[in-house]
Amino acid sequence: MHPGISRCEPGRLSNISLGGALIKSPLDSAVGARLQLAITVPCGEDSYESVIDAYLVRRSAPGLGIEWAHFAPIEVIDLVRAVPSAGTY
């Protein structure tokens, strides 16, 4: 979501870290724009919906590079913990 103009676009989270994420989305915003991401976070047997503030830091062919407004939001920590690891490197 782009809060300044109240426009929403769907997106698919393709990569996430404690500092930011890569999202595949048709959202057309300028680099530096403040965004709000609404995500569903699995939590044990349940899940909850959360809105996380972020900034658009990169636009590229695979998607939008965003940085969380606050490093390591609790919702992101919960999401990272819920996703099984692809392997140890």
Side-chain angles (χ1 to χ4, degrees):
M1 295 184 291
H2 190 289
I5 56 176
S6 298
R7 192 178 78 225
C8 295
E9 291 288 344
R12 183 171 191 88
L13 190 63
S14 75
N15 193 330
I16 189 168
S17 74
L18 297 179
L22 177 63
I23 301 170
K24 295 179 181 179
S25 173
L27 183 67
D28 185 22
S29 284
V31 170
R34 185 165 184 125
L35 306 174
Q36 292 181 317
L37 280 71
I39 60 171
T40 301
V41 181
C43 186
E45 296 291 320
D46 298 322
S47 64
Y48 64 94
E49 181 107 352
S50 185
V51 175
I52 305 171
D53 291 324
Y55 292 96
L56 180 60
V57 294
R58 184 182 69 230
R59 295 176 50 92
S60 62
L64 308 172
I66 59 110
E67 183 176 290
W68 309 123
H70 303 285
F71 182 75
I74 190 68
E75 300 89 348
V76 171
I77 293 170
D78 288 347
L79 187 58
V80 169
R81 285 182 179 157
V83 175
S85 175
T88 305
Y89 297 96

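- Taken together through direct or relayed side-chain contacts under 4.5 Å among Ile, Leu, Val, Met, Phe, Trp and Tyr, V57 and L13 form parts of separate hydrophobic clusters.
- Under the 4.5 Å side-chain heavy-atom criterion for grouping Ile, Leu, Val, Met, Phe, Trp and Tyr, Y55 is not connected to V76 through any hydrophobic cluster.
- With sequence neighbours excluded, the residues satisfying side chain to side chain donor-acceptor pair (under 3.5 Å) with S50 are E75.
- The two residues I77 and A72 come nearest to each other via the heavy atoms CD1-O, 3.6 Å.
- Within 6.0 Å of the CZ atom in R59, the count of heavy atoms belonging to other residues, nucleotides or ligands exceeds 12.
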Pair L37, V51 - check side-chain contact (heavy atoms from CB on, under 4.5 Å), show working. CA-CA 5 Å; L37 280 71; V51 175; over 6 Å; no
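- Residues D53 and R34 are in side-chain contact: their nearest non-hydrogen atoms beyond the backbone lie under 4.5 Å apart.
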Give every donor-acceptor pair under 3.5 Å between a side-chain atom in residues 64-71 and any protein atom, sequence neighbours left out.
from : atom 1 : to  : atom 2 : distance (Å)
W68  : NE1    : S17 : O      : 3.0

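- Grouping the Ile, Leu, Val, Met, Phe, Trp and Tyr side chains by contacts below 4.5 angstrom, directly or via other members, places L22 apart from V31.
- Shortest non-hydrogen contact noted between P26 and P10 is CD-O, 3.3 Å.
- Counting heavy atoms from C-beta on, the side chains of L35 and S29 come closer than 4.5 Å.
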